[in-house]
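Here is the structure we will look at.
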Amino acid sequence: MSSIRQVFPIVLSIQITVAVGITGWISFNSSERAVQKLTRQLCDNLNLRVEQQITSYLEESVRINQSLTTALSNGSINPNDISQVQKDVFNKARELNIQNILFYGNESGTMVGIERYIGSDFLLRIREDGISPNRPTYVLSGNGVRGKLITNEVYDHRTRPWYIAAKQSGRAIWSSIFVSTTDGELTTTKATPIYNASGNIQGVVGINISLKQIKQFMLQTRPSERWNVFLVEGNGTLVASTSEAPVFEKNGNVVKRFEASQSQDPKLKNAGLAIQQQFGGFQSLQDAQVIEFEFNGEKYIVSTHKLNQDLQLDWSVGIIVPKSIFMQEIDTNNRVTLIIIVIMLGANILIGLAIATWLLRPIKDLMTAAKEIEEESFNPEELASVAQRQDELGQMARVFQEMGSTIAERQNGMKSQLSKLRAEKDEAKKAAIASQMGQTNSVESLLSRARALRIGETSRRS
């Protein structure tokens, strides 16, 4: 059987460990729920900021497109006078600080496009003759003066997808994403057809939207490099991403765009696969969703948000962030809690041993006193220190002192009586022996007399 000295520290330590453990577990769960809520809020806020940046960029381009469309439609600018169109496009590009190319191309084959170049200069891409296959590009000064020739490429806007789509649709459209012939980057076009009074199409107003610029917005908005922001179409095809992995590849004239689940970036790929598994794809996402996935033993959070539906673009902004960013404080708290538990265990064991010693020492003295009482060697003064205590052990020690003294007195009285009885017994024994000796002498005397009489009688008969 285990002693109290061993059992007491263990029982005390188990109770405190269980209490601290339960408290720590409750604290961890509460903290994790709070962090999950905070994570969702932070991701939603970042998604909203990225969405606002992209939406503002796209809406500004739409307003510029509408402004030129209105000018060409209401007759304030003759759509067939390419020099007049050039002047108006240049004024809008300069006043509105347009970064992308704003252009107009008509059915006869003439077109003009202006975009920001270097400093206060612009680039003028113009096809003044619908017969010539080329579209030369000139440097345009801040005052609109045409400068040196930069390129002279073969180009016919009437064969471009954005022109064909707008002409067929009969309304303002977003073109499918394509690789721009000017900078080789992914681009989409807001294109609006222009009609004359007879209802016949005259041309198309367009403004290119550089998706590279959208990537710059996302890079500027994300808090750190550990946050990966991406933009996808409803079918899951990547539009832009802060990852270094490409979102498309070009082989000759063939352009292959990647879906999120096909990305060369492993985190982006796993995020796309997780969305496919849980929701069936990006087209099934609601306005905002937050999910988790695991990659290389680390958990990641994916938050997605739909772009403003007024833009008529089925695009979603997504954010990938390691969960450890938010769980760092909780992990630190867990480590601190574990250290506290270990320290308290050691302290509890030491305290338990001290308390056990404090309790067992007087008990040991009482056990020694009981043994001395049994051996008739009890000394009440040996329990004097214990008897001074005001607790139950002190009371027990005082009882032992009284009991021991009483037993000692009784034993001494019994010993005195026993000694007296032994002395009386010895006296009685001596008297008995003396009496027996006197009786023996009397018998011998009688025998001697009898023997003498028998001898005298024998003599007479002879």
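Since this is a predicted model, take the numbers as computed values, not measurements.
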### Task
Given side-chain contact (heavy atoms from CB on, under 4.5 Å), test Ile207 with Thr189 step by step and report yes or no.
CA-CA 6 Å; Ile207 183 169; Thr189 300; over 6 Å; no
### Sub-4.5 Å side-chain heavy-atom contact between Val112 and Leu124
yes
### Query
Hey, are Glu128 and Arg146 close enough for a salt bridge, meaning a charged N less than 4.0 Å from a carboxylate O?
yes
#### Entry: Heavy-atom neighbours of Leu149 CG exceed 12 at 6.0 Å
yes
### Task
Can you sort out the partners of Arg257 under salt bridge (charged side-chain N to carboxylate O under 4.0 Å, His left out), two or more places apart, ordered by chain and number?
Glu233
## Note on the structure
CD1 (Ile101) and CD1 (Ile209) are apart, to the nearest 0.5 Å, by 12.0 Å
### Message
Please list all pairs meeting ring pair (Phe, Tyr, Trp, His ring centres under 6.0 Å) that have one or both residues in residues 56-114, counting only residues at least two apart or in different chains.
### Response
Tyr57-Phe217, Phe90-Phe122, Phe103-Trp162
### Query
Is a salt bridge present between Lys323 and Glu298, judged by a nitrogen-to-oxygen distance below 4.0 Å?
no
### Residues Lys190 and Glu60 bridged, charged N to O under 4.0 Å
no
### Message
Quick check against the 3.5 Å criterion: does Trp227 have a side-chain atom that pairs as donor or acceptor with the backbone of Leu219?
### Response
no
### Query
Is there a donor-acceptor contact under 3.5 Å from the side chain of Ser169 to the main chain of Ala165?
no
### Query
Does some side-chain heavy atom of Arg171 sit less than 4.5 Å from a side-chain heavy atom of Thr192?
no
### Query
Between Ser175 and Thr188, which heavy-atom pair has the shortest distance, and what is it?
O-OG1, 2.9 Å
### Query
So, for Lys306 and Ser316, which heavy atoms are closest and what is the spacing to 0.1 Å?
CD-OG, 3.3 Å
#### Entry: Partner residues of Asp265 under the side chain to side chain donor-acceptor pair (under 3.5 Å) criterion, sequence neighbours left out
Ser243
### Message
Could you tell me if Ser132 and Asn134 have a donor-acceptor pair between their side chains, going purely by distance under 3.5 Å?
### Response
no
### Query
Of all residues at least two apart in sequence or in a different chain, which pass the side chain to side chain donor-acceptor pair (under 3.5 Å) check with His157?
none
### Query
For the residue pair Thr159 and Ile164, what are the closest heavy atoms and their distance?
O-CD1, 3.6 Å
### Query
Checking side-chain contact (heavy atoms from CB on, under 4.5 Å) for the pair Leu211/Thr187: CA distance, chi angles, key distance, verdict?
CA-CA 6 Å; Leu211 303 184; Thr187 305; 5.7 Å; no
## Note on the structure
Closest non-hydrogen contact found for Phe230 with Ile319 is CE2-N, 3.9 Å
### Query
Given side chains that start at C-beta, do those of Ile150 and Val139 come closer than 4.5 Å, heavy atoms only?
yes
#### Entry: Nearest-0.5 Å distance that lies between atom CD in Gln264 and atom OG in Ser241
11.5 Å
### Query
Side chains of Asn143 and Ser141: is there a donor and an acceptor less than 3.5 Å apart?
no
### Query
Can you list the steps and then say if Val229 with Val317 is a side-chain contact (heavy atoms from CB on, under 4.5 Å)?
CA-CA 7 Å; Val229 186; Val317 178; 4.2 Å; yes
#### Entry: Interatomic distance, Glu185 atom CD to Lys215 atom NZ [nearest 0.5 angstrom]
8.0 Å
### Query
Just how far is it from atom CG of Leu307 to atom CD1 of Ile54, taken to the nearest 0.5 Å?
5.5 Å
### Query
Roughly how far, to the nearest 0.5 Å, is the CG atom of Asn296 from the CG atom of Asn270?
8.5 Å
### Message
In the structure I gave you, are the side-chain heavy atoms of Leu268 and Leu238 within less than 4.5 Å of one another anywhere?
### Response
yes
#### Entry: Which residues share a ring pair (Phe, Tyr, Trp, His ring centres under 6.0 Å) with Phe293, sequence neighbours left out
Tyr300
#### Entry: Closest contact, heavy atoms only, Ser67 versus Lys92
OG-CE, 2.9 Å
#### Entry: Residues that Arg94 engages under salt bridge (charged side-chain N to carboxylate O under 4.0 Å, His left out), provided they are two or more places apart
none
### Query
Is Val239 close to Leu186 at the side-chain level, that is, under 4.5 Å between some pair of heavy atoms?
no
### For Glu153, salt bridge (charged side-chain N to carboxylate O under 4.0 Å, His left out) partners two or more places apart
Arg135
List, one per line, each side-chain donor-acceptor pair under 3.5 Å for residues 193-206, sequence neighbours excluded.
unit_1: Asn196; atom_1: OD1; unit_2: Ser198; atom_2: N; d: 3.0
unit_1: Asn196; atom_1: OD1; unit_2: Gly199; atom_2: N; d: 3.0
unit_1: Asn196; atom_1: OD1; unit_2: Asn200; atom_2: N; d: 2.8

#### Entry: salt bridge (charged side-chain N to carboxylate O under 4.0 Å, His left out) partners for Asp121, two or more places apart
none
### Task
Find out whether Ile126 and Gln86 are in side-chain contact, i.e. whether some heavy atom of one side chain is under 4.5 Å from a heavy atom of the other.
yes
#### Entry: Minimum side-chain heavy-atom gap Asp314-Trp174 below 4.5 Å
no
## Note on the structure
Correct closest heavy-atom pair for Val302 and Ala271 would be CG2-CB, 3.7 Å
### Message
Walk me through whether Phe248 and Lys256 qualify under side-chain contact (heavy atoms from CB on, under 4.5 Å).
### Response
CA-CA 5 Å; Phe248 77 98; Lys256 179 183 178 182; over 6 Å; no
### Message
If you define the side chain from C-beta out and look only at heavy atoms, does anything of Thr55 sit under 4.5 Å from Leu311?
### Response
yes
### Cation-pi, Phe178 ring and Arg160 (6.0 angstrom, 45 degrees)
yes
### Gap between atom CD1 of Ile114 and atom CG of Asn100 - 0.5 Å precision
14.0 Å
### Summary
With sequence neighbours left out, the residues meeting side chain to side chain contact (heavy atoms under 4.5 Å, CB included) with Ser261 are Glu259, Leu273, Gln276
#### Entry: Contacts of Thr151 that satisfy side chain to side chain donor-acceptor pair (under 3.5 Å) - sequence neighbours left out
Thr137
### Message
Test of understanding: with side chain to side chain donor-acceptor pair (under 3.5 Å), list the residues that count as partners of Asn74, not counting sequence neighbours.
### Response
Ser76
### Verdict with supporting geometry, Arg125 and Glu115, salt bridge (Lys or Arg N to Asp or Glu O under 4.0 Å)
CA-CA 9 Å; Arg125 305 180 190 276; Glu115 63 180 303; 2.8 Å; yes
### Query
With no hydrogens and no angle check, is any side-chain donor or acceptor of Asp88 less than 3.5 Å from a backbone partner on Asn91?
no
### Task
Mark yes or no for whether Glu225, through its side chain, and Arg222, through its backbone, hold a donor-acceptor pair below 3.5 Å.
no
